[in-house]
Engineer: 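Dumping the structure here so I can ask a few things about it.
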Amino acid sequence: MKVRTRFAPSPTGYMHIGNLRTALYAYLFAKKNKGDFILRIEDTDRARYVPDAVDFIKRTLKAANIVADEGPGIGGEFGPYVQSERMEIYKKYAMELIEKGAAYPCFCDDKREETANGEDNKFGGYNRACRDIPADEAKKRMENEPFVVRQKMPLTGETSYFDVLHGAISFNNEELEDQVLLKRDGMPTYNFANVIDDHLMEVTHIIRGAEFITSTPKHVLLYQALGWEPPAFIHLAPVMGKAADGSVSKLSKRHGATSFEDLANMGYLPEAIVNYVALLGWNPKNSTQEIFSMDELIEEFSLEGLSKSNSVFDYEKLGWMNGEYLKAMDSAKFSELAKPFAGDLGALEAEWEKIAALLKTRISRLDEIPAEIAFLKEMPPFDASLYINKRNKVTAEFAKEILPNVLELLETVPDNEWENDKLYEKLNAFITEKGYKKGAALWPIRISVSGKSATPGGATEILAILGKTESLARMKNSLQNLT
RNA sequence: GGCGCGUUGGUCAAGUGGUCUAAGACACCGCCCUUUCACGGCGGUAACACGGGUUCAAAUCCCGUACGCGUCACCA
């Protein structure tokens with residue numbers, strides 16, 4: 001049988017990284033098995049509906065390079081792929097279930113009736129009273145009264161199912177509520193639409209979050225009532241976030257950027273995000289590889305590699321991985337991608353390629369760029385302590401000694417020779433001649449034109465980028481401040 | 001609280017009864033390299049939640065406890 005998986009988000013306008021991971025695993029599993037991956041929109045909650053959310057979801061999947069074979073706007077033989085467009089289908093099956101005695105209409109006024117004496121409060125106050133309404137009376141009342149369709153749960157025994165990840169899971173039927181299948185507004189609930197659609201769309205493997213473990217027995221009962229074979233269930237452990245105080249809880253906005261979009265805006269590459277997220281809860285068998293292209297993920301993916309326990313999202317590691325992608329990236333591509341993050345470069349505009357080359361190996365996120373290059377645009381305030389460097393045995397005294405000579409030398413460099421290699425050559429010759437240590441001599445030079453202890457690039461690279469006029473002006477100024 | 005699921009270093013994790021004096025990665029620390037920082041190279045610190053079983057042998061199987069997470073909606 002052809003493997004078919006689906007990603008079934010509700011359109012809330014936010015693609016949480018945990019959801020993205022669920023989509024990714026469903027996609028990887030389908031593709032690994034030469035199957036289909038379906039996008040289905042679960043918009044049965046009218047109150048929560050967000051207008052552009054479907055486009056948003058599609059854009060996010062596209063950015064993540066997760067491509068659906070079927071879905072809204074994509075087509076496929078099992079449409080429509082938006083649940084609000086399938087109401088007639090759900091209604092039909094709801095009536096069939098009533099007919100079969102596996103469900104019944106409920107005319108109770110409100111969702112949560114308070115029970116008088118606190119007894120039978122197990123189901124939020126719902127007391128199963130409408131179960132006992134005779135069939136013909138119920139049918140009649142359905143014509144004139146608003147109602148809800150509830151699933152008639154067995155009162156005894158147990159229902160169990162096999163989860164590919166967790167093994168056999170069983171629940172006592174008495175724990176199961178007569179849950180609503182069809183709401184008063186005619187919309188199905190998740191628990192109902194889900195079963196109908198997964199069956200009709202021939203989904204073979206349901207890969208979804210662990211929050212559905214407890215509602216799965218209800219789904220299984222529905223499959224049974226309808227005479228359908230349930231698909232395989234795979235319930236994924238959740239992704240957690242770590243708060244500032246070190247506490248761990250389900251990933252949410254209070255943990256900072258947690259949506260794919262936020263992360264991308266911070267300058268994490270989509271490929272890196274996908275790669276990192278793939279490894280949060282899954283890892284390859286028989287290998288310690290960590291950097292994966294999408295094709296490699298597909299090739300390596302297997303359900304056996306899924307982890308049963310929660311995982312904590314770690315920006316630190318994502319940053320490392322992003323840096324790996326940045327370093328491996330083609331220079332031209334990096335420069336193009338990084339440019340929007342650089343802001344207004346002013347006079348340095350023409351030097352961007354050089355700047356980008358220095359940046360490439362030393363950032364983990366693209367949005368670190370402005371802070372990294374700010375010193376190029378404007379000389380930071382003078383700070384004498386920067387001229388002291390223990391390792392190279394550099395002191396302010398030494399800076400005062402060497403800088404005037406360097407200035408003198410640099411002034412003789414013609415404009416057309418003001419570039420890294422030439423500058424390095426000349427400075428190196430000067431250093432050798434004077435008998436200085438290279439590291440020691442270059443330190444004050446770099447500080448005098450950058451005003452920063454750590455900079456992308458060394459002394460001559462910075463000189464080259466700043467240009468002769470600016471470099472000399474900065475150096476003179478620093479020297480003045482120094483004395 | 002009931003029910004369910006889980007628990008290997010700070011984090012991601014390998015490990016499916018002996019090869020575990022428990023892999024790898026991030027982070028951290030040290031050394032080397034070095035035109036600073038970084039990159040890179042080498043090395044180090046650091047874990048089987050606890051208690052009982054079963055077994056010749058347990059991180060691996062069973063039971064209990066603790067802790068964490070989930071769920072108990074006309075939300076998904």
Side-chain angles (χ1 to χ4, degrees), chain A residues 8-10 12 42-45 47-48 106 108 110-112 122-124 126 147-150 163 165-166 169-172 174-177 179-191 193-194 208-217 235 237-238 240 242 246 248-250 276 279-291 304-305 307-321 323 327 358-364 372 386 389 391-392 394 420 424 427-428 431 438-443 445-447 450 452-462:
Chain A
S10 58
T12 60
E42 312 226 326
D43 59 342
T44 55
D45 185 358
R48 292 213 299 178
C106 175
C108 295
D110 200 303
K111 344 92 206 228
R112 300 200 139 225
K122 196 190 266 176
F123 301 130
Y126 173 72
F147 65 95
V148 118
V149 176
R150 300 190 103 105
D163 185 296
L165 234 195
H166 299 281
I169 300 180
S170 59
F171 291 82
N172 283 120
E174 59 179 332
E175 301 289 336
L176 273 24
E177 178 184 3
Q179 64 173 351
V180 170
L181 264 21
L182 221 51
K183 306 182 216 175
R184 197 161 292 244
D185 64 3
M187 281 285 189
T189 55
Y190 166 84
N191 290 119
N194 196 258
R208 69 199 344 173
E211 64 269 28
F212 296 111
I213 287 179
T214 346
S215 41
T216 302
H235 290 106
M240 314 291 279
K242 190 183 254 171
V248 166
S249 56
K250 197 166 182 187
Y276 174 69
L279 259 25
L280 245 197
W282 172 83
N283 65 80
K285 291 292 167 193
N286 314 315
S287 127
T288 54
Q289 183 178 345
E290 295 204 282
I291 303 294
E304 288 72 46
S307 143
K308 286 191 272 201
S309 49
N310 304 179
S311 49
V312 179
F313 188 91
D314 182 13
Y315 289 94
E316 219 46 84
K317 182 132 190 188
L318 206 213
W320 165 77
M321 191 170 277
K327 274 177 267 177
L358 297 180
L359 252 16
K360 193 163 167 267
T361 59
R362 64 188 66 228
I363 56 174
S364 61
E372 283 292 313
L386 294 178
N389 178 272
R391 224 198 93 216
N392 285 314
V394 178
N420 185 250
Y424 186 72
L427 245 17
N428 207 214
I431 290 165
K438 199 190 285 175
L442 261 1
W443 179 275
I445 300 175
R446 187 178 61 87
I447 299 297
S450 72
K452 232 183 141 202
S453 65
T455 53
T460 59
E461 286 158 325
I462 293 169

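Because the structure is a prediction, the values reported are computed rather than measured. Quick note: numbers below take in every heavy atom, side chains included, and nothing from hydrogens, waters or symmetry partners. Letters A, B, ... are given to chains in the order of the sequence lines, protein chains preceding strands, and every chain is numbered from 1.
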Engineer: Please determine, for rA73(B), whether a Watson-Crick or G-U wobble partner exists with both distances under 3.5 Å, and give it or none.
Structural biologist: none
Engineer: Looking across every strand, which nucleic acid part, if any, lies under 4.0 Å from Ala459(A) by heavy atom: base, sugar-phosphate, or nothing?
Structural biologist: base
Engineer: Output the single nucleotide from rG70(B), rA14(B), rA76(B) whose closest atom is nearest the side chain of Lys285(A).
Structural biologist: rA14(B)
Engineer: Check every strand shown and say whether Ser450(A) touches a base, only sugar-phosphate, or nothing at a heavy-atom separation below 4.0 Å.
Structural biologist: nothing
Engineer: From rA76(B), rC3(B), rC39(B), pick the nucleotide closest to the side chain of Thr189(A)?
Structural biologist: rA76(B)
Engineer: Considering every strand and a 4.0 Å limit on heavy-atom distances, what is the contact class for Ser453(A): base, sugar-phosphate, or nothing?
Structural biologist: base
Engineer: Would you mind classifying the nucleic acid contact of Met240(A) as base, sugar-phosphate or nothing, using non-hydrogen atoms under 4.0 angstrom?
Structural biologist: sugar-phosphate
Engineer: Measuring to OP1 and OP2 of rG68(B), would you say a side-chain N or O of Asn310(A) lies under 4.0 angstrom away?
Structural biologist: no
Engineer: Need one value for Ser170(A): base, sugar-phosphate or nothing, where a base atom within 4.0 Å counts as base even if backbone is also close, heavy atoms only.
Structural biologist: sugar-phosphate
Engineer: Checking the side chain of Lys242(A) only, and the main-chain atoms of Val248(A) only, is there a donor and an acceptor separated by less than 3.5 Å?
Structural biologist: no
Engineer: Paired with rU55(B): which nucleotide, if any, by Watson-Crick or G-U wobble criteria at under 3.5 Å for both distances?
Structural biologist: none
Engineer: Give Tyr276(A) one of three labels, base, sugar-phosphate or nothing, depending on what nucleic acid heavy atoms sit under 4.0 Å from its own.
Structural biologist: nothing
Engineer: Looking across every strand, which nucleic acid part, if any, lies under 4.0 Å from Gly319(A) by heavy atom: base, sugar-phosphate, or nothing?
Structural biologist: nothing
Engineer: What nucleic acid atoms does Lys452(A) come within less than 4.0 Å of, heavy atoms only: base, sugar-phosphate, or nothing?
Structural biologist: nothing
Engineer: Any base atoms under 4.0 Å from Thr455(A), or only sugar-phosphate, or nothing? Heavy atoms, all strands.
Structural biologist: base
Engineer: What does Val312(A) touch in the nucleic acid at a heavy-atom separation under 4.0 angstrom: a base, only the sugar-phosphate, or nothing?
Structural biologist: sugar-phosphate
Engineer: Categorize Thr460(A) for me: base, sugar-phosphate, or nothing, with a 4.0 angstrom heavy-atom threshold over every strand shown.
Structural biologist: base
Engineer: Going by the angle between their ring planes, with limits at 30° and 60°, are Tyr276(A) and Phe313(A) parallel, tilted or perpendicular?
Structural biologist: perpendicular
